[in-house]
Amino acid sequence: MPIPAPHVVNLGCRLNLAEGESIRALLAGRDTIVVNSCAVTNEAVKQTRQAIRRARRDRPDAELVVTGCAAQIDAQAFAAMPEVDRVIGNAEKLLPAAWASSAEVQVQDIMAVRETAPHLAASFSTHARAFVEVQNGCDHRCTFCAIPFGRGNSRSVPAGAVIDRIAALAEHHAEIVLTGVDLTSYGPDLPGAPSLGRLVERILTHVPRLQRLRLSSLDGIEVDDRLFALLTQEERIMPHVHLSLQAGDDMVLKRMKRRHSRAQSVALARRLHAARPDIAIGADLIAGFPTETEAMFENSRALIADCGIVHAHIFPYSPRAGTPATRMPQIEPEVVKARAARLRETAAEQRGRWLQSLIGTTQQVLVERPGDRGHAGNFAEVRLAPTQVGEIVTVKIEAVRDGKLIA
């Protein structure tokens, strides 16, 4: 009887997705399920536990291993779950030795880790686009965020290793996505302290075969002139920028320990739109941060229109153990939930108007599974006639239906 293929359940960010492919390659020929967890919110941790229980029900005889940020932060809690066989930390999950070991818990001090991406994914055969980790960890300490405790301090992958991996992936993937925990902090720990913009320039120069390059979430305060010029002038970089904004009120931003102001966010978004009118702005926004008044919330809600945000990721504030924000005066949970709903409603209205504005336009769409849908360069989802997965096709947008463009 054949051994079932290993299965990796990736929760959370694109970095987890990239690392999940590496894990899958390491487990070839093993009856193993890996839950690659997320810890960005309490809800994400809850979903990790649900995924573990579901995986055990689906494959009761498989080895079940938990890794990722939630496992790194609270390894013993996951090791105590009856469904779990082993827990492996974020630093260990890309090391073959960790998967060869039978130790029940392998989690080291993530803050002591100084290198990243020791094993970059060799294949993304199940995806139309490929994800490449170029940075990991974060040196900033936003008061709401537990991720540095799961990922450690910021560290970068040398450009040569990144270019070699992208060159190999570009043979089979039309689009590559650069990922990281704090992508715009790329480079200071490397010889010569190259910036993210410099890395992007080298990728475009040395991998001429690469058709489309997309960047994951950016910290707007770190978008320098070089990176701005690439985002707005380089056709192979997709017209889609996702900004880590979190709030649109200066006092809330200060209490979050963010490094930008509301005015700086608006100015950057308007500069991007002016320099590249077809660019689509995405953003992360948190509703109900401690001490947030109704007026502060309205400043964040107005940011959606002021920045032209059409890809909004809305999070209700979630108190994470060990973070400074848990010691601040909290907002009532029902108020947090209601404010998140209002943010989503405003974001949906803005997105709806944007999608309607795209009717009649021509878009270049990367076809994704199952072959009748994909994403345009601006990351709008497009439904189209069945086409070969992985191809980039030129289509005309005829309508909007259920929040999707119809070609």
Those residues that, when tested against [X], pass side-chain hydrogen bond (donor to acceptor under 3.5 Å, both in side chains) (two or more places apart):
{"X": "Arg342", "result": "Glu294, Glu298"}
{"X": "His311", "result": "Arg351"}
{"X": "Asp306", "result": "Arg262"}

Around atom [atom1] of [X], are there more than 12 heavy atoms from other residues, nucleotides or ligands closer than 6.0 Å?
{"X": "Lys404", "atom1": "NZ", "answer": "yes"}
{"X": "Asp225", "atom1": "CG", "answer": "no"}
{"X": "Gln50", "atom1": "CD", "answer": "yes"}
{"X": "His140", "atom1": "NE2", "answer": "yes"}

Exercise for review: Decide yes or no on side-chain contact (heavy atoms from CB on, under 4.5 Å) for Ile397 and Ile406, but give the supporting numbers first.
Suggested key: CA-CA 6 Å; Ile397 305 304; Ile406 309 299; over 6 Å; no
Rounded to the nearest 0.5 Å, what separation is found between the [atom1] atom of [X] and the [atom2] atom of [Y]?
{"X": "Arg30", "Y": "Trp99", "atom1": "CZ", "atom2": "CH2", "answer": "7.5 Å"}
{"X": "Leu285", "Y": "Leu243", "atom1": "CG", "atom2": "CG", "answer": "10.0 Å"}
{"X": "His273", "Y": "Asp278", "atom1": "NE2", "atom2": "CG", "answer": "9.0 Å"}
{"X": "Leu230", "Y": "Arg198", "atom1": "CG", "atom2": "CZ", "answer": "10.5 Å"}

Say whether, by atom type as modelled, one donor and one acceptor occur between the side chain of [X] and the main chain of [Y] under 3.5 angstrom.
{"X": "Thr205", "Y": "Arg202", "value": "no"}
{"X": "Gln106", "Y": "Ala98", "value": "yes"}
{"X": "Asn90", "Y": "Gly150", "value": "yes"}
{"X": "Arg86", "Y": "Val84", "value": "no"}
{"X": "Gln135", "Y": "Gly137", "value": "yes"}
{"X": "Gln264", "Y": "Ser261", "value": "yes"}
{"X": "Arg236", "Y": "Leu204", "value": "yes"}

Review point. Yes or no on salt bridge (charged side-chain N to carboxylate O under 4.0 Å, His left out) for Arg151 and Asp182, after CA distance, side-chain angles and deciding distance?
Key: CA-CA 10 Å; Arg151 288 287 182 176; Asp182 183 23; over 6 Å; no
Which atom of [X] lies closest to which atom of [Y], heavy atoms considered:
{"X": "Thr184", "Y": "Glu222", "answer": "OG1-OE1, 2.9 Å"}
{"X": "Ala71", "Y": "Ile88", "answer": "CB-O, 4.4 Å"}
{"X": "Gly29", "Y": "Pro6", "answer": "N-CD, 4.3 Å"}
{"X": "Pro290", "Y": "Ala325", "answer": "CG-O, 3.6 Å"}
{"X": "Gly68", "Y": "Ser37", "answer": "C-OG, 3.4 Å"}
{"X": "Met296", "Y": "Val252", "answer": "SD-CG2, 3.8 Å"}

Pair [X] + [Y], salt bridge at N-O below 4.0 Å:
{"X": "Asp85", "Y": "Arg56", "answer": "yes"}
{"X": "Glu83", "Y": "Arg59", "answer": "no"}
{"X": "Glu334", "Y": "Lys337", "answer": "no"}
{"X": "Glu368", "Y": "Arg129", "answer": "yes"}
{"X": "Arg212", "Y": "Glu175", "answer": "yes"}

**Study point:** Which residues share a ring-ring contact (aromatic ring centres under 6.0 Å, His included) with Phe78, sequence neighbours left out
**Key:** none
**Study point:** Any residue meeting ring-ring contact (aromatic ring centres under 6.0 Å, His included) with Phe297, in chain and number order, not counting sequence neighbours
**Key:** none
Which of these passes side chain to side chain contact (heavy atoms under 4.5 Å, CB included) with [X]: [options]?
{"X": "His242", "options": "Leu218, Ile309, Asp284", "value": "Asp284"}
{"X": "Gln350", "options": "Ile281, Leu355, Ile304", "value": "Ile304"}
{"X": "Arg320", "options": "Thr143, Val45, Ile147", "value": "Val45"}

Practice item. Take Ser154 and Ser185 through the side chain to side chain donor-acceptor pair (under 3.5 Å) test and state the conclusion after the steps. Key: CA-CA 7 Å; Ser154 181; Ser185 70; 3.1 Å; yes
Point to revise | Under 3.5 Å side-chain donor-acceptor pair for Thr394 and Gln364 | key: yes
Exercise for review: State whether a side-chain donor-acceptor pair under 3.5 Å links Thr291 with Arg255.
Suggested key: yes
Practice item. Using the side chain to side chain donor-acceptor pair (under 3.5 Å) rule, take Asn36 and Asn10 through it: C-alpha gap first, then chi angles, then the decisive distance, then the call. Key: CA-CA 5 Å; Asn36 196 14; Asn10 293 304; 3.1 Å; yes
Check your understanding: Side-chain contact, heavy-atom cut-off 4.5 Å: Leu215 with Val241?
Key -> no
**Study point:** Pair His375 + His240: ring centers closer than 6.0 Å
**Key:** no
Exercise for review: Dump the intermediate steps for side chain to side chain donor-acceptor pair (under 3.5 Å) on Gln246 and Ser244, then the final yes or no.
Suggested key: CA-CA 6 Å; Gln246 311 305 343; Ser244 177; 2.9 Å; yes
Check your understanding: On the ring face of Phe228, is Arg271 found with NZ or CZ under 6.0 Å from the centre and within 45° of the axis?
Key -> yes
Point to revise | salt bridge (Lys or Arg N to Asp or Glu O under 4.0 Å) involving Glu349 - partner list, sequence neighbours excluded | key: none
